[in-house]
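Throughout, protein chains are lettered first and strands after them, A, B, ... in sequence-line order, and every chain is numbered starting at 1. Computed from heavy atoms alone, side chains included, the values below leave out hydrogens, waters and symmetry copies.
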Amino acid sequence: MFFFDTSRATRKVETEIPESEWVARAVSGDEDAFVHLAASYRPRLWSTASRFARSRPELEDLVQDLLLKLWRGLPGYRSDAPFDHWVMTVAVRGCYDFLRSNRRRRESESLVDPTDRCNDPDPSGDRVRSRREAWETVSLLLERLEARDRLVITLLDLEERGVRETAALTGWSESNVKVRAHRARKKMREFLTELGLES
Amino acid sequence: MKTNDPILSTLFARARLHQPFGEPSSFGFETRLRSALAVAKPGFTEILASLSWRFAAASLPVAIAAFVFLATRHQHLLPDGVGGLVTQWAGFLPLPI
């Protein structure tokens, strides 16, 4: 009797299909194609959104929300622009909306949940601790900024995106991005002094 | 465009390497996404955003004409034909026509 491994064959066929084909299918309303795209873009969305969420459950909800925004926005996607750029534009604007809508609630909450932030493979290592402490300090400073300033600093300094790319993702002008970054860093420096965290 | 502040740049460089919540788990991802998609219906703003600007440009004069027609009909002052309509609405213009 001959057995044929259909799952392996399906996976092989799926990997051979170019992304543009998946995108075309998803735009026409194919849910399976969108789920395939969502799985491939999820790590990038997760990485970007993790700079804005305060706990893992909140991050999971935010990523899910971004995926729904992408699904709803797909009919408006024009194929003349790169798909990954469109995805990141929707994601960045979704994160900005999230920041704005959660700002008041954030102000009244404590900053860091240690159980969420301590899932590094080796929390006792100096290097890991140093990174985590730096992250917590940066988070503390970012919490005190306006949503727009926080978004600009996150994209420029934490995600290492250029001014032009940041401007394209946010929809703001390059000069606006530069001015905001300059002012936000100045405020962060002042907060550092105020909190006595300069050393 | 990087900061030239040594303390901030050191903080950013270290913080960049930290993954605060680890890697995403694939467990239950597809099930959760599919159930969310099943109930996700486009809202009014999404429907509007999906319309092209050409469609919007074409539908605007039609909407204005419909509004004018309904407004005049509501006042029982329905004019005869397009000429009557223009004459009637020209009366509202602050010009000596």
Would you compute the distance between atom CG of B:Leu37 and atom CD of A:Gln64 and round it to the nearest 0.5 angstrom?
7.5 Å
Nearest-0.5 Å distance, CG of residue B:Leu33 to CZ of residue A:Arg42:
9.0 Å
Check side-chain hydrogen bond (donor to acceptor under 3.5 Å, both in side chains) between A:Glu194 and all other residues, then give those that pass, not counting sequence neighbours.
A:Arg144
Considering only heavy atoms, which portion of A:Phe34 lies under 4.5 Å from any heavy atom of chain B: side chain, backbone, both, or neither?
side chain
Would you compute the distance between atom NE2 of B:His18 and atom CZ of A:Arg132 and round it to the nearest 0.5 angstrom?
6.5 Å
Do B:Arg32 and A:Asp61 sit within salt-bridge range, that is, some charged N less than 4.0 Å from a carboxylate O?
yes
Quick check: does any side chain N or O of B:Arg16 sit under 3.5 Å from a backbone N or O of A:Glu159, one acting as donor and the other as acceptor?
no
Name the region of A:Leu158, side chain, backbone, both or neither, that has any atom closer than 4.5 Å to a heavy atom of chain B.
both
One should read off an interatomic distance between B:Asp5 CG and A:Leu192 CG, to the nearest 0.5 angstrom, of 8.0 Å
Compare every heavy atom of B:Pro24 with every heavy atom of A:Pro43, then report the nearest pair and how far apart it is.
CA-CG, 4.4 Å
Sorted by first residue and then second, give each ring pair (Phe, Tyr, Trp, His ring centres under 6.0 Å) pair with at least one member in residues 146-180 of chain A; sequence neighbours left out.
A:Tyr96-A:Trp172
Mind running side chain to side chain contact (heavy atoms under 4.5 Å, CB included) on A:Met188 and B:Leu11 for me, showing each step along the way?
CA-CA 11 Å; A:Met188 289 177 84; B:Leu11 272 177; over 6 Å; no
So for B:Phe12, is it side chain, backbone, both, or neither that comes closer than 4.5 Å to the heavy atoms of chain A?
both
Quick check against the 3.5 Å criterion: does A:Trp46 have a side-chain atom that pairs as donor or acceptor with the backbone of B:Gly22?
yes
Determine whether a donor-acceptor pair (N or O, by modelled atom type, separation under 3.5 Å) exists between the side chain of A:Arg56 and the backbone of B:Phe21.
yes
A:Glu133 versus chain B, heavy atoms under 4.5 Å apart: side chain, backbone, both or neither?
neither
Looking at every heavy atom in both A:Ser50 and B:Pro20, which two are closest together, and how far apart are they?
O-CG, 3.8 Å
A:Leu74 versus chain B, heavy atoms under 4.5 Å apart: side chain, backbone, both or neither?
neither
How about B:Arg34: does its CZ atom have over 12 heavy atoms from other parts shown lying under 6.0 Å from it?
yes
Of all the heavy-atom pairs spanning B:Arg14 and A:Ala134, show the shortest one and how long it is.
CB-CB, 3.4 Å
Report which part of B:Ser25 has an atom under 4.5 Å of a heavy atom belonging to chain A: side chain, backbone, both, or neither.
both
Go through the atoms of A:Val138 and report whether side chain, backbone, both or neither lie under 4.5 Å from a heavy atom of chain B.
side chain
Tell me, for B:Leu17 versus chain A, whether the close heavy atoms (under 4.5 Å) come from the side chain, the backbone, both or neither.
both
